[in-house]
Number of protein chains: 2
Amino acid sequence: MKVDVSTPKTRRVTLADVAAASGVSKTAVSLILNNRPDSRISEQTAARVRQTANDLGYRPNLAAQSLRFGKTRTLGFISEQVTVTRFASGMITGILRAAKQHDHTVLMAETFGEEPELRQAIAQMSHREVDGLILGFMDSRLRELPGLESEVPVVLVNGHDTQPRTCIMPDEFAAGSTVAHRLQQAAITRVALIGTHRRATLHPESYPSITRRFAGLTQALAAEGIGITGQWELEDWNPSDGFTATRAMLAGNQPPQALICANDRVAMGAYQALAEHGLRPGIDMPVISFDDEDIAAYLRPALTTVRLPYEQMGEKAVELLLGGQLTADEHLVPMPLIERDSLPARR
Amino acid sequence: MKVDVSTPKTRRVTLADVAAASGVSKTAVSLILNNRPDSRISEQTAARVRQTANDLGYRPNLAAQSLRFGKTRTLGFISEQVTVTRFASGMITGILRAAKQHDHTVLMAETFGEEPELRQAIAQMSHREVDGLILGFMDSRLRELPGLESEVPVVLVNGHDTQPRTCIMPDEFAAGSTVAHRLQQAAITRVALIGTHRRATLHPESYPSITRRFAGLTQALAAEGIGITGQWELEDWNPSDGFTATRAMLAGNQPPQALICANDRVAMGAYQALAEHGLRPGIDMPVISFDDEDIAAYLRPALTTVRLPYEQMGEKAVELLLGGQLTADEHLVPMPLIERDSLPARR
DNA sequence: GTTTGGTGCTAAATGCATTTAGCACCGACT
DNA sequence: AGTCGGTGCTAAATGCATTTAGCACCAAAC
């Protein structure tokens, strides 16, 4: 059964239609429907026109409005990798929610991590005359943004430009304190750091997030009087890396009282290595981590971790863009501790 | 240091500018730049105009074009839950990729699973005059779509309407055969099914995907001569559910030779229960599953699973929308088997 | 009586690209 | 000489909402 469900256009109702139907000029209708303050239209006429507009189901044509105003009530979101993890999703959710609040819609593009794609997406978006542009990155590498000479206001989320530019970052440094303080409360005095980042260690200025995460951690641990038994440098932060590192750590002769994992995936690998060693994560060996990906809740015991607040970051980006004056500041968003079951209760 | 990076608009280059700069009429410029076939403009003039347009960096104003054509070269994507899992992300990626190929951009909205939000999003999008609408659902419940009397062509991804409507579904039934056949190749003759779905069993017509998944499975297993030692009904399909069910299964007296898990999260729970029982997943107990979420690759041993092809489904949605005649058919997209390490090699 | 000030409304211009209808000119043919 | 058919181009209309400038009318004020 082939049913054609493509639909022939019925002509839409225009301002002129409403004007004709209510016997006034287009001007009058426009003034009335937009509630222009000093329009001096009689309340009678106004009521009649409003009624007619309503009956006819009139909605102003957005293309026409855009043409007049040079504004589209649209925001562009260009993301490096939507595909990867829950991160971009959180960002999208925050952006969508905030945009809706401001009666804006969101145009999406993805660069798949490629620079030409990024350039093209930026061109595409400014061509579409978005009122603001949000660039979301997945790792916070410093970068030079191509093709951004255009006139669109821009906010970077989770990344920096070599130019001064408005950007939004998670407060990784403070997160270090959060973790150290929490460990101190659990009366832990010796920890192992599973997973520093090789490239970040080599080029700290290129990986501000990771660098701050560990700087905050080291400083706060020292302040709380917690010793570091060792730290393992990794190329990547996937479960298999965490597994290898933890295994190596366990083969050493300096057993820590708890594990700080670079992120949740590393923690997952740590769980696997601990299990292999007959150690129960969270009981025989407390674990705390960063990010709060989906898997954090899936692990057994569920992982206590410091959340990357992507949703709030997305919201904030919209607020800044639509809220008026954009200044080239860096905005830090706090990272909340998500208490689950991999770290003994405070005492 | 406060640097103002909001940017005052520089007037954009219009067709009239190009016309003036090259000393011809707007008509001529339009004809030339759009390569109108029988425009009878001399090649000399054309070359000159093209040069000027290029020098000035002229780009046609899309609002003006939309106004004329009533087309926006924009697709709307309304998703039930971007937040949840990699699924919507895969869909987005596919849609974005295909849209770009057709030189369209994508407007996003999210319903957060609420019907009023869905209705509003649909209204919003048709108001924005999108050229097509993609509705993406996360569970494939049959549903009645609100506020869809409008004139926009629509494709549903992973869901059905009570109206005849174009929709795209994963080929769950065939996936059942894939799994059964693969098990047969591994010489397995008795399996346990971890996780049928309570609500889906009660209302099969409301959960076509789940229903088909198990119908395909049951039928194909029978055809391959593989026996089912038992199946566990679950309320939800999260790791904790899989854990509970597998534990119950292990307490029984009919040990299977392999586990078929309802999805990857269930499989993750099954891994945990097996480990608790001293059984090594994939070695002492082969496991196969459905979906191919991120965790499938993270598990140890990595999980062999049948992928939900969301990316292809997103692409297909765009192709159908932009490819001309839309018919109210259901399109099935094959689900590929992703071989990893939780099922012994074929022989 | 006529200037002043409201009041209630409208014509026309604007933003920009596209398209229809058609003008002006030239060479060729009758 | 007059007509026909090209060729090369243009003026004006169109799509739609908003805004500026201003018209027509009436009452009050001088």
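Lettering of chains follows the sequences in order, A, B, ..., and the numbering in each one begins at 1.
Taking only side-chain atoms of Ser25(A), from C-beta outward, the nucleotide of dT10(C), dT18(D), dC16(D) with the closest atom is dT10(C). Side chain of Arg40(A), nearest nucleotide from dT18(C), dT7(C), dC16(D): dT7(C). With dT19(C), dA17(C), dT10(C) as the candidates, the nucleotide lying closest to the side chain of Thr14(B) is dA17(C). Nearest nucleotide to the side chain of Arg68(A), out of dT10(D), dC16(C), dA17(D): dA17(D). Minimum atom distance to the side chain of Asn61(A) is reached by dA17(D), of the listed dA17(C), dA17(D), dC9(C). Minimum atom distance to the side chain of Gln65(B) is reached by dT18(C), of the listed dA17(D), dT19(C), dT18(C).
Rounded to an integer number of Å, the gap from His127(A) NE2 to dC16(C) C1' is 12 Å. One interatomic measurement links the two molecules: NZ of Lys26(A) to C1' of dT20(D), which rounds to 14 Å at whole-angstrom precision. Residue Leu31(A) contributes atom CG, which lies 11 Å from atom P of dT20(D) at whole-angstrom precision. The distance from atom CZ of Arg12(A) to atom C1' of dC16(D) is 9 Å, rounded to the nearest whole Å. The distance from atom CG of Leu67(B) to atom C1' of dA17(D) is 9 Å, rounded to the nearest whole Å. Atom CZ in Arg128(A) sits about 15 Å away from atom C1' in dA17(C), given to the nearest Å. Rounding to whole angstrom units, CG of residue Leu15(B) and P of dT14(D) are separated by 19 Å. Distance, Leu33(B) CG to dC16(C) P: 16 Å, rounded to whole Å.
Under the side chain to side chain contact (heavy atoms under 4.5 Å, CB included) criterion, Arg50(A) pairs with Ile32(A), Leu33(A), Asn35(A), Glu43(A), Ala46(A), sequence neighbours left out. Applying the side chain to side chain contact (heavy atoms under 4.5 Å, CB included) rule to Thr105(A) yields the partners Thr74(A), Leu107(B), Gln124(B), Arg128(B); only residues at least two apart in sequence or on another chain are considered.
Across residues 42-57 of chain B, Ser42(B), Thr45(B) each have a non-hydrogen atom less than 4.0 Å from an atom of DNA chain D (numbered order).
No donor-acceptor contact under 3.5 Å links the side chain of Ser30(A) to the base of dT19(D). For Thr27(A) and dA11(C), a side-chain-to-base donor-acceptor distance below 3.5 Å is present, hydrogens and geometry of angles not being considered.
Each end of the helix from dG1(C)-dC30(D) to dT30(C)-dA1(D) gets its own axis from five base pairs, and the two axes differ in direction by 90°, given to 10 degrees.
With hydrogens and angles ignored, the 3.5 Å screen pairs a side-chain donor or acceptor of Glu80(A) with a backbone N or O of Met138(A).
In summary, Asp131(B) and Arg73(B) do not engage in a salt bridge, as defined by a charged side-chain N under 4.0 Å from a carboxylate O. By the 4.0 Å N-to-carboxylate-O rule, Arg143(B) lies too far from Asp161(B) to be salt-bridged with it.
Sorted by first and then second residue, the side chain to side chain donor-acceptor pair (under 3.5 Å) pairs involving residues 18-32 of chain B (not counting sequence neighbours) are Ser30(B)-Asn34(B). Sorted by first and then second residue, the pairs that involve residues 312-325 of chain B and meet salt bridge (Lys or Arg N to Asp or Glu O under 4.0 Å), not counting sequence neighbours, are Arg97(B)-Glu315(B).
At a threshold of 4.0 angstrom between heavy atoms, the contacts of Val24(A) are confined to the sugar-phosphate backbone, with no base atom among them.
Place Ala64(B) and Ile41(B) on DNA chain D by their nearest nucleotides, and Ile41(B) ends up nearer the 5' end.
Between the side chains of Ser89(B) and Ser89(A), at least one donor N or O sits under 3.5 Å from an acceptor N or O.
Look at Asn34(A) and you'll find a side-chain N or O under 4.0 angstrom from OP1 or OP2 of dT18(D). An OP1 or OP2 oxygen of dC16(C) is reached within less than 4.0 angstrom by no side-chain nitrogen or oxygen of Tyr58(B).
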Worked check of side-chain contact (heavy atoms from CB on, under 4.5 Å) between Met125(A) and Val152(A): CA-CA 9 Å; Met125(A) 294 271 174; Val152(A) 200; over 6 Å; no
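Nearest heavy atom pair, residue Val18(B) against residue Val29(B), reads CG1-CG1, 3.8 Å.
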